[in-house]
Amino acid sequence: MARNGPRTGLRRSVVRAVRLIPNYIRLLFGLFRDQRVSRTDRLLVLGALAYVISPLDFIPDVIPFLGEVDDLFLIVLALQRLIDRAGHAVLLDHWRGDPAELEESSLMRVLAAASFFLPPAMRRRIRRIARA
């Protein structure tokens with residue numbers, strides 16, 4: 001019997017977003033090289049890329065599903081900041097996926113779904129990193 005509760009829907013949203021991580025990483029590399037993005041925000045992009053690529057994570061990547069959730073959470077927080085500061089058009093210049101995936105509502109849905117699977121203390125730490 002299939003389970004159709006809220007957790008199943010959240011998991012499905014996160015799994016879809018995890019599949020987009022390669023697109024998010026390409027986007028972040030493009031934004032890091034883009035001179036229209038402020039130096040501070042490019043450093044944030046560099047930090048997000050370093051975290052995703054680094055073997056040191058809050059949740060190790062060797063743990064299936066959960067290992068990617070903290071990466072996804074940080075990437076989406078960084079993208080939200082970049083959309084606010086650099087603008088949606090700049091992001092679209094580097095995005096290879098469906099433009100709807102970068103809409104605020106889509107990113108908020110991914111962020112909410114990913115945060116459901118993270119312990120509260122970890123969510124707070126990652127948000128502090130993204131705000132820096």
(request) Determine whether Y51 and D70 make a side-chain contact, defined as any pair of heavy atoms from C-beta on separated by less than 4.5 Å. (result) yes
(request) Working to the nearest 0.5 Å, report the span between CG of L44 and CZ of R85. (result) 9.0 Å
(request) State, with a plain yes or no, whether a side-chain heavy atom of R33 is found less than 4.5 Å away from one of H94. (result) no
(request) With the side chain counted from C-beta on, respond yes when V110 and V14 share a heavy-atom pair under 4.5 Å apart, and no when they do not. (result) no
(request) Give, for atom CD1 of I75 and atom CG of L82, the distance between the pair rounded to the nearest 0.5 Å. (result) 11.5 Å
(request) To the nearest 0.5 Å, tell me how far L91 CG sits from R36 CZ. (result) 9.5 Å
(request) Could I get the full list of side chain to side chain donor-acceptor pair (under 3.5 Å) partners for N23, not counting sequence neighbours? (result) R26
(request) For the residue pair Y24 and D71, confirm or rule out a side-chain donor-acceptor distance under 3.5 Å. (result) no
(request) Hey, could you give me the CG/CD distance between L20 and E101, rounded to the nearest 0.5 Å? (result) 5.0 Å
(request) Quick one: closest heavy-atom pair of V37 and A86, and the distance? (result) CG2-CB, 4.2 Å
(request) Would you give the length of the straight line joining atom CG of D41 to atom CG of D34, rounded to the nearest 0.5 angstrom? (result) 11.5 Å
(message) Let me confirm one number: the NE2-CD distance from H88 to E103, rounded to the nearest 0.5 Å.
(response) 4.0 Å
(request) Mind listing the closest non-hydrogen atom pair of A100 and S106 along with its distance? (result) O-OG, 2.8 Å
(request) Taking the side chain as every heavy atom from C-beta outward, state whether L77 and R81 have any atom pair closer than 4.5 Å. (result) no
